[in-house]
Structure formats: C-alpha cells, structure tokens
There are 2 protein chains.
Amino acid sequence: MEDLAEKTVEVADRDILEVCLGLEHVADIVELLNEQEIEEQAHVLVHLPDERAIEVLDQPGLDDPAALIEALPAERALKLMAGMSSDRVADVFRYMDDPPRTDLLNRLDPETRASLDRLLSYPEDTAGALMTTEFVSVPSSWTVEQTLDHIRRVERTRETIYSVYVLDPKTRQLLKAVALRRLITADPKSSVLTAARFDKPITVAPTADREEVARLIAKYDLLAVPVVDDSMHVIGICTFDDIIDAIVAEGTEDAQKFGGMEALDDPYDQIGFWSMIKKRAGWLSVLLLGEMLTASAMQFFEGELEKAVVLTLFIPLIMSSGGNSGSQATSLLIRALALSEVKLKDWWRVALRELPTGVVLGAILGLIGIVRIVVWQKAGFYDYGPHWALLALTIGCALTAIVTFGSLTGSMLPFILKKVGFDPASASAPLVATLVDVTGLVIYFTVALVILRGTLL
Amino acid sequence: MEDLAEKTVEVADRDILEVCLGLEHVADIVELLNEQEIEEQAHVLVHLPDERAIEVLDQPGLDDPAALIEALPAERALKLMAGMSSDRVADVFRYMDDPPRTDLLNRLDPETRASLDRLLSYPEDTAGALMTTEFVSVPSSWTVEQTLDHIRRVERTRETIYSVYVLDPKTRQLLKAVALRRLITADPKSSVLTAARFDKPITVAPTADREEVARLIAKYDLLAVPVVDDSMHVIGICTFDDIIDAIVAEGTEDAQKFGGMEALDDPYDQIGFWSMIKKRAGWLSVLLLGEMLTASAMQFFEGELEKAVVLTLFIPLIMSSGGNSGSQATSLLIRALALSEVKLKDWWRVALRELPTGVVLGAILGLIGIVRIVVWQKAGFYDYGPHWALLALTIGCALTAIVTFGSLTGSMLPFILKKVGFDPASASAPLVATLVDVTGLVIYFTVALVILRGTLL
C-alpha cells in the first residue's frame with residue numbers, strides 16, 4: 001500500500017488511467033482513484049471497460065461514488081448503475097445531491113426503480129439498507145441438478161451464490177437455506193431440500209440494526225443472512241463483506257463517541273474544517289457547562305478553601321483519579337453490553353462487583369497518595385504544615401471514596417443510557433469524568449471537613 | 001437470545017443435555033453450555049454424537065474449550081481433537097494447563113502433532129496463529145473437472161472449499177487462487193488455471209498481525225486469505241469468520257485500552273476479581289503518579305494561589321476542557337491510523353489541521369466561560385471581586401490556549417506512540433488528560449500572571 005501511494009505521487013495526471021488499466025485488483029484501482037480529484041476519477045472511469053467501471057463503483061472503499069457518478073455523462077452513468085449491485089446503487093442515491101438525483105432516478109427502468117425505492121425506504125445502518133437484492137432463490141420442487149444449472153446461469157449477476165434460498169413454490173415463503181458446498185456434494189437427482197442442513201434458516205428483519213446482523217453472521221459463521229419480511233418472503237441478503245465494513249465503521253463510531261464527540265461520517269482526512277468543528281464543539285460545550293458545576297461546588301466550599309489553601313494542591317489529582325477509574329469501568333461495560341456478555345438485567349450484579357473493585361483500587365491509590373505526602377514532608381521537599389499527617393489521611397480516604405464512586409458511576413452509566421433507550425456507547429470518557437468531577441469535589445471537601453475539623457478547618 | 005437465556009434458567013440440570021440434543025444450531029448449544037459449570041458441559045459433550053461434539057468444540061464462541069477438554073475422558077478428548085479444525089486445536093493447547101497438556105500432546109498422532117507444533121510456534125494474534133491447515137489445494141496440471149471431483153471428495157474435512165489454491169506441480173509454490181463460483185461455471189475440460197481471475201493471488205505472511213489480515217480480507221472481499229512462507233508455499237488459510245471474531249476482539253481491546261486499562265483477555269463476567277484489579281490498578285497508579293506533577297505545579301504557584309483564591313475555582317473546569325479536547329483528538333487519530341486514513345508521515349498535516357481546529361474550539365469554550373462569569377457577576381449569583389472583568393478575560397484566554405494545546409497533544413500522541421513502536425491504540429483518554437492537566441495548569445497560571453499582574457496578583 002505504501003508502494004501504491006508513492007506511485008500516485010510520481011505519476012503525472014494523464015498517466016493515472018494507464019496505471020489503473022494495468023492494476024489487477026479493483027481494490028487497488030479504487031485506492032489510487034481516492035487520491036485523485038473527482039474530475040480525474042471520472043476521466044479514468046470513462047475510459048475503463050464497462051465491467052471494470054461497474055466493479056470500481058461497487059467497491060465500498062470508493063470514497064465518493066455519488067459525486068463520481070454525477071460527474072459522468074448521464075447515459076454512461078445509467079448504464080453503469082444498471083450493472084451495479086442494488087445495495088450499492090441505493091447507497092449512491094442516498095448521498096447524491098438533488099439536481100442530478102431526481103433526473104437519474106426518473107430515467108431508471110421501472111423494475112430497478114422499484115427495487116431502489118424499497119431499499120431507500122429503510123433507515124441507514126439497518127439490514128434493509130445494507131442488503132442487496134441479487135441473491136439466488138429456487139423453488140423447493142427442484143432437484144439439486146436443476147438448482148446447480150440455475151446457479152451456473154445466473155452466477156454473473158448475483159452477489160453471492162454460496163447461499164441458495166429454497167422457497168415454497170406457491171407462497172414463495174423461505175423454507176430453507178442451502179450452502180453451495182452441500183449442493184455440489186449432494187446426489188444430483190435428489191430434491192434440493194435434502195441438501196439443507198437446518199430446519200429453520202437464520203433470518204433477520206429489514207429493520208434490524210447492523211449490529212444485530214453482524215452478531216448473527218459472526219455467531220452462526222454465515223456467508224450471508226437472508227432479510228425477510230413479516231410473511232417470510234426474502235427481500236434481500238446481507239453478505240459477510242458488507243458486515244465486515246459495518247463492524248469496522250461501528251468500531252470507529254464507538255471510538256469517536258467514547259472520545260467525547262459526535263461520530264464523523266467521513267474519514268478524518270476528508271471531512272471539512274467546519275463540519276469537524278461542529279462534531280466536536282457540541283460535546284465540548286456541554287461538558288464545559290457540566291464542569292461549571294465544579295466552580296459552583298468550590299464556591300460553596302470557599303470558606304474552607306481560604307482557610308486551607310493546601311487542600312487545593314490536591315484537587316486535580318483527586319478529581320482525575322475519579323475520572324480515570326470511571327473511564328475504565330465505562331469502557332469495560334460498553335463493550336460487555338455490546339458483546340452481550342452482560343445484559344441490562346445484570347446491572348446489580350455488575351454494581352456488586354464494581355463496588356469492591358473500586359474500594360480495592362481506591363485503597364491502592366490512597367496508599368500511594370499517603371506515601372507521596374509523607375515522603376515529601378519527611379524529605380523536606382515541601383512543608384504541608386503541622387497537620388500534615390491528618391492531611392495525608394484526608395487524601396488517602398478521599399482517593400478511596402472517589403475511586404469507588406468513579407468505578408460505580410462509570411459502570412452504571414452505560415446501563416442507564418441503555419435503559420432510557422440511548423446507545424450505551426454514547427457514554428464517553430469525558431462525560432464520565434465530568435459526572436465524577438463535581439461529586440468528587442463534594443466528597444473531597446466532606447472528607448476534609450470530617451478529618452480536619454478543629455485543626456486546619 | 002433472551003428466550004434461550006430464560007430457557008436456561010428454567011431447565012433443571014439434568015435436562016440440559018436434552019435441550020442441547022434438541023437444538024439445531026451449534027451456536028445455540030454453545031450459548032447454553034457457556035452458562036453451565038465445566039462439569040455439566042463435559043456431561044453434555046460426552047452424550048453428544050462425535051460429529052456434534054466436534055462442532056461444539058470448533059465454535060470460537062465456546063468460552064473455555066481447554067477446560068472442557070481437560071474435563072473429558074482422555075480417549076474421547078483425543079478422538080474429538082482429531083476431528084477439530086487445526087487452528088482451534090492449537091488454540092485449545094495454547095490455553096491448557098500443564099499436567100493434561102503434555103499428556104495429550106504426546107498421545108496425538110505424529111502428523112497432527114507436527115501441524116500443531118507449527119501453529120503453536122506463531123505468536124498469538126498473528127496470521128500463523130489464526131490460520132487453519134484444512135484448505136483445498138490442487139496441482140496446476142489438473143482440469144476444472146478433476147478439481148471439482150477432488151473438492152467433492154474432501155469437502156467434509158475442509159474449513160472452506162470456496163477458495164481453491166492452485167500449486168505448481170513440482171515446486172508446490174502457490175500460483176493462483178480460484179473461487180468455487182468460477183469453477184462451477186467454467187468449462188469442465190479446461191485447465192483449472194483458466195478459472196483463476198487474477199494473476200497474483202493476495203497472500204499474507206504467517207507473522208502478519210491479525211489487523212493486517214482483516215484489512216486484506218475487507219479490502220479485497222475475500223472469503224479466505226492464504227498464509228504463505230518465504231518461498232510461496234501455502235501453510236494455511238485465514239477465513240473471514242476467524243477474522244470477524246478477530247476484528248471484534250481487537251475492537252474490545254482497543255476500547256479497553258482507550259478507557260485507560262490493560263486489555264482483559266476474558267469476557268467481563270468471567271475474569272477473576274484479582275485479575276481485574278491487576279488489569280486496572282497498573283494504569284491508575286501510573287496516571288496518579290503523573291497527576292502528582294499537578295500538585296508540584298500548584299506548589300510552584302502557591303504564592304499566586306494564596307493571593308487569589310478565586311483562581312482555584314476555575315481549575316477543574318479549565319483542566320477538564322483541555323483533557324476533553326485531547327481525548328477527542330486522540331480517539332480520532334487512533335482510528336484514522338488504524339484504518340490507514342492517515343499515515344505516520346502525515347503527522348505534520350494533522351498538526352497543521354488540529355492547530356486551527358483547537359483555536360476555534362478553544363475560542364468557543366472561552367466565550368462560554370466569559371459569558372458564565374459575566375452573567376454570575378451581573379446577576380449577583382457570586383461576587384468575583386473588583387477585577388471580575390480581568391478574571392473573565394483570563395478564563396477566556398486560558399481556555400482557548402488549553403483547548404488548542406489539548407487538541408494538538410491529543411492528536412500527536414498516537415503518532416509518537418506509533419513512531420517509537422507502540423500500538424497507537426495504547427494512547428488512552430486518561431493518559432491524554434493527565435498529560436494535558438499538568439501543562440494546562442502551567443498555562444493557566446501563566447496567562448493569569450500576564451493579565452492579572454498588578455491587580456489581583
């Protein structure tokens with residue numbers, strides 16, 4: 001890939017077509033095209049043979065297929081779209097701007113148009129939006145041989161032929177799913193149903209989230225999962241390669257949300273400056289407003305602060321420890337919930353586990369905090385005053401309490417979000433830190449008031 | 001899945017075998033077994049037919065296959081392992097405790113033992129450790145028909161038959177990869193080579209990281225990628241289902257690391273209490289030691305703090321804003337690097353982009369901070385003293401500077417880690433926050449000294 005990138009820099013613009021024509025794998029052509037301006041991409045596509053151009057447009061790795069198709073002559077665009085897989089064409093229309101969009105839609109043949117309208121009616125990131133309508137289905141009255149002959153005839157126009165869907169000849173309801181590997185080893189004269197391994201095929205509803213599709217594909221090691229409507233008619237299939245892309249995209253979204261921002265919909269190097277600001281400023285502002293409560297909390301303890309400025313020295317350290325332990329617990333539980341390792345109803349088991357975990361972690365940090373103060377005092381690095389021992393005790397106890405509180409809050413936040421209908425992955429490290437900061441300050445000053453009353457305070 | 005979980009609770013122990021025998025999909029049996037004790041799991045497995053038991057052990061979803069095999073009678077264990085896929089057997093031995101481990105290893109037949117030793121020699125999470133040795137390969141001198149006949153014969157013992165590897169008849173070097181869909185539509189009498197689509201097959205080295213394997217499979221939409229040694233001999237294949245599992249596991253590891261802890265190797269509900277403490281306490285302690293620098297920084301500004309206690313009110317707010325913007329930038333760049341959207345050499349382009357982004361984000365937050373102080377002062381919620389306007393200016397400028405610094409630090413940290421040979425995903429939200437906190441304090445007090453000298457300070 002490094003080689004390819006360097007090659008791109010070296011070639012002059014007019015040579016790109018030549019390089020693309022010479023490349024064997026369409027994924028490599030796409031990688032090269034992604035580094036070019038749209039006009040240059042269109043120039044290359046116009047000169048590629050139809051079959052190749054369709055393959056290029058079918059690649060999910062292509063950054064902006066909508067813009068590329070808009071840049072092509074309309075006749076060619078229509079011809080190429082007719083050859084593309086239906087899920088991909090739907091994707092393209094989803095992102096196309098309006099003047100060319102309606103124009104192109106109206107010029108599609110009625111059949112393509114109907115299938116497209118259906119795909120476009122499903123919300124993004126659902127099975128219905130991910131699925132393709134190019135699958136192989138046969139009536140259950142056929143033999144294995146008839147089925148194989150049919151597969152040979154339609155192979156070129158199907159996204160996958162490795163899963164074949166057997167339908168009731170009358171109702172066209174899905175009866176079984178048959179793997180090609182079973183078909184080619186089965187007796188050619190026997191019924192296609194004999195090659196089916198399971199009674200009930202695994203299916204998914206068109207409204208299912210892509211995470212659910214991924215879970216089924218991974219759990220049952222499927223190449224494709226059929227998408228069926230309420231009356232068990234197959235309306236499309238989701239294939240493993242779409243799902244790999246979906247899992248990777250989901251991972252990126254979750255990582256960005258956990259980092260405390262809205263998920264970008266585009267790669268980092270392609271999103272515009274102001275879009276980026278928009279995605280980041282929202283949460284930063286909300287978190288800042290949340291953190292303003294810390295200022296209010298500190299105003300409340302102003303008297304204590306003025307009497308014992310030495311207490312302020314440890315504020316950042318104590319607050320960040322609470323935030324850090326909360327961030328750990330949140331990241332753990334977000335994943336555990338996403339992978340169904342724990343379920344919503346397990347919240348109290350998690351709480352019962354995070355409580356002692358938090359106490360032990362807090363005690364470890366508290367001990368380190370106490371050692372720090374004792375060493376600095378005894379070694380003469382800093383003088384914490386006559387009550388330094390009580391101060392050390394305050395820091396130790398406050399750290400224990402705050403880390404416990406942080407672990408508990410951090411672990412419960414994903415459950416609360418899920419319970420009220422949000423994605424648990426919306427719980428971000430900064431959000432947990434902010435929640436814990438305000439309470440952490442109150443805990444710190446309360447502990448200080450209890451231990452230091454009559455001496456420092 | 002909810003249904004299944006409820007079913008588990010209902011059935012008495014002795015009925016589990018019955019439920020398992022009745023379940024169609026092996027993934028569902030595995031789900032049920034995972035909720036049982038190992039003894040109960042072994043009890044069920046002993047009563048399952050060999051073929052079914054092998055399928056159960058082959059499922060990556062099974063939580064602890066090593067313990068389960070240890071719990072079986074040795075004879076049965078050996079028989080089942082002989083039928084399991086080689087990558088899975090290797091996985092089992094990787095996690096088996098020693099008394100039964102050596103014993104079982106020594107009783108394997110020499111051929112299985114040799115292939116196992118090779119698989120075990122590759123480090124975890126590499127292509128070599130993920131691969132299976134059950135693939136289909138044929139000499140290039142064969143016809144399509146001969147190849148299909150061979151596939152029909154060996155189908156049951158191969159992990160996948162959808163990719164067939166064509167070898168040089170003499171050197172046994174890999175020449176081409178052929179898809180089954182091409183074979184069944186090709187002329188039966190022609191050479192198997194004519195069904196190959198590409199000149200050069202996509203291959204991977206046994207030492208390649210699983211992320212690299214996932215990238216290739218996703219990019220080229222492969223069902224399997226052949227693992228070849230230096231002289232182009234195929235030593236195994238990595239299939240898409242192993243890779244889906246690997247991508248999910250990688251996502252979990254990255255999320256946990258980003259949350260500021262060591263990656264757990266086991267599901268949340270299965271890891272022991274003290275293992276959990278170990279995975280979390282390390283980073284928490286390191287971060288606490290880092291945060292202690294904030295105490296040192298504040299000791300340095302002790303004089304200023306005593307003169308203007310009002311400054312301390314805004315410390316948590318200002319520090320957390322720097323951490324939050326850093327956390328955003330880090331999560332963005334970790335993913336962008338992982339997905340190769342940006343490369344190591346792009347660091348300065350990223351820096352040039354994060355700098356203005358940080359300034360704008362900082363200015364937005366700074367403005368909010370100023371408004372907060374003005375409103376509180378004017379509305380009489382709090383009296384910030386005669387120099388409240390200058391204080392507001394200090395907060396605004398400090399926020400702008402710290403958010404800019406946070407964005408820049410957060411975005412550069414993954415590059416630095418990658419440059420020095422670490423996983424960029426080791427950069428965690430808490431680590432960035434800690435880095436930014438110390439510098440943030442210095443920035444805050446420096447800004448305060450510049451703006452407030454002669455008035456408050």
Side-chain angles (χ1 to χ4, degrees), chain A residues 24 27 152 155 161-162 181 185 198-199 218-221 240-241 244 247 251-252 255-256 259-261 267-269 277 280-281 284 287-288 291-292 294-295 298-299 305-306 309 312-314 316-317 319-321 324 327-328 331-332 335-336 341-342 360-361 364-365 368 372 382 429-430 437, chain B residues 24 27 152 155 161-162 181 185 198-199 218-221 240-241 244 247 251-252 255-256 259-261 267-269 277 280-281 284 287-288 291-292 294-295 298-299 305-306 309 312-314 316-317 319-321 324 327-328 331-332 335-336 341-342 360-361 364-365 368 372 382 429-430 437:
Chain A
E24 264 204 305
R152 287 196 189 94
E155 187 266 334
I161 59 161
Y162 295 139
R181 63 187 293 173
T185 51
F198 300 112
D199 271 351
K219 179 174 169 189
Y220 295 105
D221 288 346
F240 80 94
D241 48 320
I244 290 185
I247 297 176
T252 303
Q256 289 169 352
M261 57 183 293
Y268 178 83
D269 53 334
I277 296 284
R280 287 161 75 166
L284 279 188
L287 293 167
L288 181 72
E291 278 291 332
M292 283 181 174
T294 59
M298 288 181 68
Q299 284 163 19
L305 276 175
E306 276 178 357
V309 173
T312 62
L313 301 182
F314 299 99
L317 180 150
M319 283 187 12
S320 69
S321 296
N324 294 345
S327 155
Q328 287 187 341
S331 70
L332 269 175
R335 286 307 288 188
E341 289 168 8
V342 297
V360 173
L361 290 174
I364 295 173
L365 295 199
I368 297 178
R372 157 69 156 76
Y382 192 81
D437 276 359
Chain B
E24 265 204 307
R152 287 195 189 94
E155 188 266 335
I161 60 160
Y162 295 139
R181 64 186 293 172
T185 51
F198 300 112
D199 270 352
K219 178 174 170 188
Y220 295 105
D221 289 345
F240 79 95
D241 48 319
I244 290 186
I247 296 177
T252 303
Q256 290 169 351
M261 56 183 295
Y268 178 83
D269 54 334
I277 297 283
R280 287 161 74 167
L284 278 187
L287 293 168
L288 181 72
E291 278 292 332
M292 284 181 172
T294 59
M298 289 183 64
Q299 283 162 20
L305 276 175
E306 276 176 359
V309 174
T312 63
L313 301 182
F314 299 98
L317 180 150
M319 282 187 13
S320 70
S321 295
N324 293 346
S327 157
Q328 287 188 339
S331 70
L332 270 175
R335 285 306 290 188
E341 290 168 7
V342 298
V360 173
L361 290 174
I364 294 172
L365 296 198
I368 297 177
R372 158 68 158 76
Y382 192 82
D437 278 358

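Please read these numbers as outputs of a predicted model, since none were measured by experiment. Reminder, nothing fancy here: chain letters follow the sequence lines and each chain counts from 1.
With chain A as partner, the option from B:Ile244, B:Thr294, B:Leu361 having the largest number of non-hydrogen pairs under 4.5 angstrom is B:Leu361. Between chain B and the residues A:Met292, A:Arg181, A:Glu155, A:Glu341, the most heavy-atom pairs under 4.5 angstrom are made by A:Arg181. Between chain A and the residues B:Val309, B:Leu332, B:Thr312, the most heavy-atom pairs under 4.5 angstrom are made by B:Leu332. The residue among A:Gln299, A:Arg372, A:Gln256 with the most heavy atom pairs within less than 4.5 Å of chain B is A:Gln299. Counting heavy-atom pairs closer than 4.5 Å to chain B, the top-ranked of the candidates A:Ala429, A:Pro267, A:Gly260 is A:Pro267. Top candidate by heavy-atom pairs under 4.5 Å with chain A, chosen from B:Asp241, B:Thr252, B:Thr185, is B:Thr252. Across A:Glu306, A:Arg335, A:Arg152, A:Met298, the residue that shares the most heavy-atom pairs under 4.5 angstrom with chain B is A:Arg335.
Annotation for B:Gly259 and A:Ser331: closest pair CA-OG, 3.6 Å, computed over non-hydrogen atoms.
Contact annotation for B:Leu317: both backbone and side-chain heavy atoms come within less than 4.5 Å of a heavy atom of chain A. Contacts of A:Ile368 with chain B are made by both backbone and side-chain atoms, with heavy-atom separations under 4.5 Å. For B:Ala255, the parts sitting under 4.5 Å from any heavy atom of chain A are the backbone and the side chain alike. The parts of A:Ala295 that come within reach of chain B are both its backbone and its side chain, each placing non-hydrogen atoms under 4.5 angstrom from that chain. In this structure, the portion of A:Met319 lying under 4.5 Å from any heavy atom of chain B is its side chain and not its backbone. Looking at A:Asn324, the atoms closer than 4.5 Å to chain B (heavy atoms on both sides) sit in the backbone and in the side chain alike. Proximity to chain A involves both the backbone and the side chain of B:Tyr162, based on heavy atoms less than 4.5 angstrom apart. Of the two parts of A:Ile247, only the side chain, counted from C-beta on, holds a non-hydrogen atom closer than 4.5 Å to a non-hydrogen atom of chain B. Using a 4.5 Å cut-off between heavy atoms, B:Leu365 touches chain A through backbone and side chain atoms alike.
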**OP:** Take A:Leu305 and B:Leu313 through the side chain to side chain contact (heavy atoms under 4.5 Å, CB included) test and state the conclusion after the steps.
**Re:** CA-CA 9 Å; A:Leu305 276 175; B:Leu313 301 182; 4.2 Å; yes
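Rounding to the nearest 0.5 angstrom, the gap separating the CD atom in B:Glu291 from the CZ atom in A:Phe314 is 12.5 Å.
Between A:Phe240 and B:Phe240, the angle of the ring planes lies from 30° to 60°, which puts this pair in the tilted group.
B:Ile364 places a side-chain heavy atom less than 4.5 Å from the side chain of A:Ile277.
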